[in-house]
Amino acid sequence: MYLDNYLKQGIVDAVEELYGVKMTEESIKLEVTNPDFKGDYTFVCFPVVRFSKKKPEDTADEIGKYLKENIDQVDDFNVVKGFLNLEISHSYWLEYFKAHQFRNKLDNKGKVMVEYSSPNTNKPLHLGHIRNNLLGYGVARILEASGYDVVKSNLINDRGIHICKSMLAWKKFGNGETPESSNLKGDHLVGKYYVEFDKHYKAEIKDLMNAGMDETTAEKSAPLMLEAQEMLRKWESGDQATIDLWKMMNNWVYKGFDVTYKALGVSFDKFYYESQTYLLGKDLIEEGLSKGVFYKKPDNSVWIDLKSDGLDEKLVLRGDGTSVYITQDIGTAQLKYDEYKCDKSIYVVGNEQDYHFKVLFLILQKLGKSWADGLYHLSYGMVDLPSGKMKSREGTVVDADDLMDEMIEAAKVKTEELGKTDGMNEEEKNELYRMLGMGALKFFILKVDPQKRMLFNPEESIDLQGDTGPFVQYTHARIRSMFRAAKAEDINGDYDAVEARESEINLIKRLLDFESELLKAASAYSPAILIAYALNLAKAFNRLYNDVSILKEDNVHLRRFRLKLSGMTAETLKTTLDLIGIQCPERM
RNA sequence: GGUCUCGUAGCUCAGCUGGAUAGAGCAACAGAUUUCUAAUCUGUGGGUCAGGGGUUCGAAUCCCUUCGAGAUCACCA
């Protein structure tokens, strides 16, 4: 039983004993004491005042006395206003620490699918995708560590008008350029023609408008757009030449994506392709019609009325029987469930699609799908630039590959400046720069609460000092270095003789927090919680490190105790960062 | 116009389902290394938690309202 539960029970007993009122354990509010005050746990006494009929201070005092007498671990207490601060004995923390072992595997919680990345195959990945990928991968790892079986999936948007735009532009203006011929990464090559399409398309619109056409009509009747639409029709009817071109260009993109995914350190267990799923869902539309969930309009189009749920009417199938976006998402959700039978399914998708997912989940619930309750849209905010929103077509994006290269380069410059690469060969150095650069980038992105939009300023490089990835990595490397110097000293000493100081007890508490922080991060789907934990742990250690000497401590018990603490800190930092895809070098 | 987010220090962000004097980092300034890695640590300055009202013993947090920013309301995906 954890101490806080034990204390809560004690408070229940105290209130019953003192005031004759039986409270439930759940109604007791016990908090970790604010660091500015003395104590470990704080009981807020105001809610009990109505039972005690006494001043908050006196009530707190009485309960404090009761707890001190009846619970061994409560060493002492102090009262500030109505706040009862309980002081837990150092020996309790030491005992707990000595006996503590991290569990390798937590209780199984079921099966969950995390879908993330979901790129379009007409352009390379940018900073927004980085956030998506890091979030998705991080959440998947966190869920896995907290006891779920996880399936990481990626639904690739490999068809549609946007791909036809790139294809058409390449055909018209590409002169047979290939990734090999121009030595350009495949996804970047295809993206180049997407931009090219837009350039020519805009020029055509301008010409048409100069000729007197209004903008909307010009956009619709520009020859390039008509040609792209024709190409899409050809693709859908299986025209061999179009399919061949599509396959060739998509393969270029996939090769490029592989490189980017590898650099990001993310991976997938299952790929879905929209070219294979875009016709799904029509049978479910039929099912919904027969169940009366949907209805037909005179033009044969199928709709659902969600007004009673505070939403609008929504089209689910066109009059000509072809699908819309939500049709295939309905079908794909069913397909995923049929294949994997997951208890939960998480979609990592930007918050611009909040409405879409609200509608999608509602429809699946109305269709009576028992698994619909397990669907969750992990909605994250956009990454903004100081100049505003990123737009692929207009080239105002921070390219994923470029950004990673820049970060690694920045780490290299900094490391060389500090002169910390003595005795490392070229390969080891590059590996170190990569770990540090990527560590800084991932930490920077994941530090922010997923739901919030965040700002990235390309003019200011991402910090390598302060609350950063390298800060935590440094703390880890420093400990590892200490262990190299300690050789094989046995760290399992007898801690009973140890007179622990405040900074040591503090570090113990942080170390013991790991599991509860992990579970918190898992239930909130938030890697940011683990980042904050890693920072707190590293800071607690650094404070101790600056405060006392470890290897040079003469008292053998104390020395071993501190080494044990250090070792556990390094291990915990490494584990924590690993869950969000950040690696820790042995030295830096 | 309807709906949904968001607004905290000069900047980037924490602040968990209401709790004590609103916290970090960056930037600025002042310190710490004959001693285990100074990518570290200690300290100083910096706030009308967008404004106003309400609920409460207690509000950055919950409710209402005004202002400001963004998203969405496609037979695009």
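Chain identifiers are assigned alphabetically (A, B, ...) following the order of the sequence lines, protein sequences preceding nucleic acid strands; residue numbering begins at 1 within each chain.
Between the CZ atom of A:Arg453 and the C1' atom of B:C6 there is a distance of 8 Å, given to the nearest Å. Spacing between atom CG of A:Asn536 and atom C1' of B:G25 amounts to 12 Å, rounded to whole angstrom units. Rounded to whole angstrom, the span from the CG atom of A:Leu30 across to the P atom of B:G18 amounts to 16 Å. Per the geometry, NZ belonging to A:Lys165 stands 12 Å off P belonging to B:A77, to the nearest Å. Rounded to whole Å, the distance from CG on A:Asp384 to C1' on B:C13 is 15 Å. Taking atom CG on A:Leu311 and atom C1' on B:C4, their separation rounds to 10 Å, with Å as the unit. Spacing between atom CD1 of A:Ile531 and atom C1' of B:G25 amounts to 13 Å, rounded to whole angstrom units. Following rounding to the nearest Å, A:Asn34 (CG) and B:G19 (C1') show an atom-to-atom distance of 10 Å.
Among B:C13, B:A71, B:A20, the nucleotide with an atom closest to any side-chain atom of A:Glu352 is B:A71. With B:C26, B:C13, B:A20 as the choices, the nucleotide that has an atom nearest any side-chain atom of A:Asp463 turns out to be B:C26.
For B:G19 and B:C62, the P atoms lie 10 Å apart once the distance is rounded to whole Å. When the C1' atom is compared between B:A27 and B:G45, the two are found 13 Å apart, to the nearest whole Å. Comparing the C1' positions of B:C16 and B:U3 gives a spacing of 28 Å, expressed to the nearest Å. To the nearest whole angstrom, the two P atoms, one in B:U44 and one in B:C63, are 37 Å apart. For the P atoms, the distance from B:U61 to B:A22 is 14 Å, rounded to whole Å. Rounded to whole Å, the C1' atom of B:A9 lies 10 Å from the corresponding atom of B:G23.
Both geometric conditions, a ring-centre gap below 5.5 Å and a plane tilt below 30°, are fulfilled for A:Phe46 over the base of B:G19. Both thresholds, 5.5 Å between centres and 30° between ring planes, are met by A:Phe37 relative to the base of B:A20, so the two rings are stacked.
A cation-pi arrangement is not found for A:Lys296 relative to A:Trp303, the charged atom failing to lie both closer than 6.0 Å to the ring centre and inside a 45° cone about the ring normal. The side-chain tip of A:Arg131 does not point at the ring of A:Tyr380 from less than 6.0 angstrom away and within 45° of straight on. Annotation: cation-pi geometry satisfied between A:Lys336 and A:Tyr347 (NZ/CZ under 6.0 angstrom from ring centroid, within 45° of ring axis).
Between the CG atom of A:Leu362 and the CD1 atom of A:Ile304 there is a distance of 6.5 Å, given to the nearest 0.5 Å.
Ion pair A:Glu230/A:Arg233 flagged as a salt bridge, since at least one NZ, NE, NH1 or NH2 atom sits closer than 4.0 Å to an Asp/Glu carboxylate oxygen. Between A:Asp309 and A:Lys358 there is no salt bridge, since no side-chain N of the basic residue sits under 4.0 Å from a carboxylate O of the acidic one.
Heavy-atom distances to RNA chain B give each of A:Tyr355 and A:Leu455 a nearest nucleotide, and the one nearer the 5′ end belongs to A:Leu455. Closest-nucleotide positions on RNA chain B for A:His162 and A:Lys358 were compared, and the one nearer the 5' end corresponds to A:Lys358.
A:Thr322 comes within contact range of no nucleotide atom at all, as no heavy-atom separation falls under 4.0 Å. Nucleic acid contact for A:Asp449: sugar-phosphate only, since backbone atoms but no base atoms lie under 4.0 Å from a heavy atom of the residue. A:Glu274 comes within contact range of the sugar-phosphate backbone alone, with a heavy-atom separation under 4.0 Å but no base atom that close. Residue contacts for A:Val448: at a heavy-atom cut-off of 4.0 Å it reaches the sugar-phosphate backbone alone, with no base atom in range. When heavy atoms are screened at a 4.0 angstrom cut-off, A:Lys520 is found touching base atoms of the nucleic acid. Residue-level contact check: A:Gln473 touches neither bases nor backbone, having no heavy atom under 4.0 Å from any strand.
Defined by atom type and a distance below 3.5 Å, a donor-acceptor pair is missing between the side-chain atoms of A:Asp158 and A:Asn250. Residues A:Tyr272 and A:Asn154 bring no donor and acceptor atom of their side chains to less than 3.5 Å of each other. Between the side chains of A:Arg501 and A:Asn506, no donor N or O sits under 3.5 Å from an acceptor N or O.
Judged by atom type and distance alone, A:Asn85 reaches the base of B:A20 through a side-chain donor-acceptor pair under 3.5 Å. In the interface, the side chain of A:Lys447 is not paired with the base of B:C13 through any donor and acceptor atom under 3.5 Å apart.
Under 4.0 angstrom from either OP1 or OP2 of B:G70 there lies no side-chain N or O belonging to A:Lys452. Look at A:Lys81 and you'll find a side-chain N or O under 4.0 angstrom from OP1 or OP2 of B:U21.
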Under 4.0 Å protein heavy-atom contact, by nucleotide of nucleotides 35-41 of chain B - B base, S sugar-phosphate only
SBBSBBS

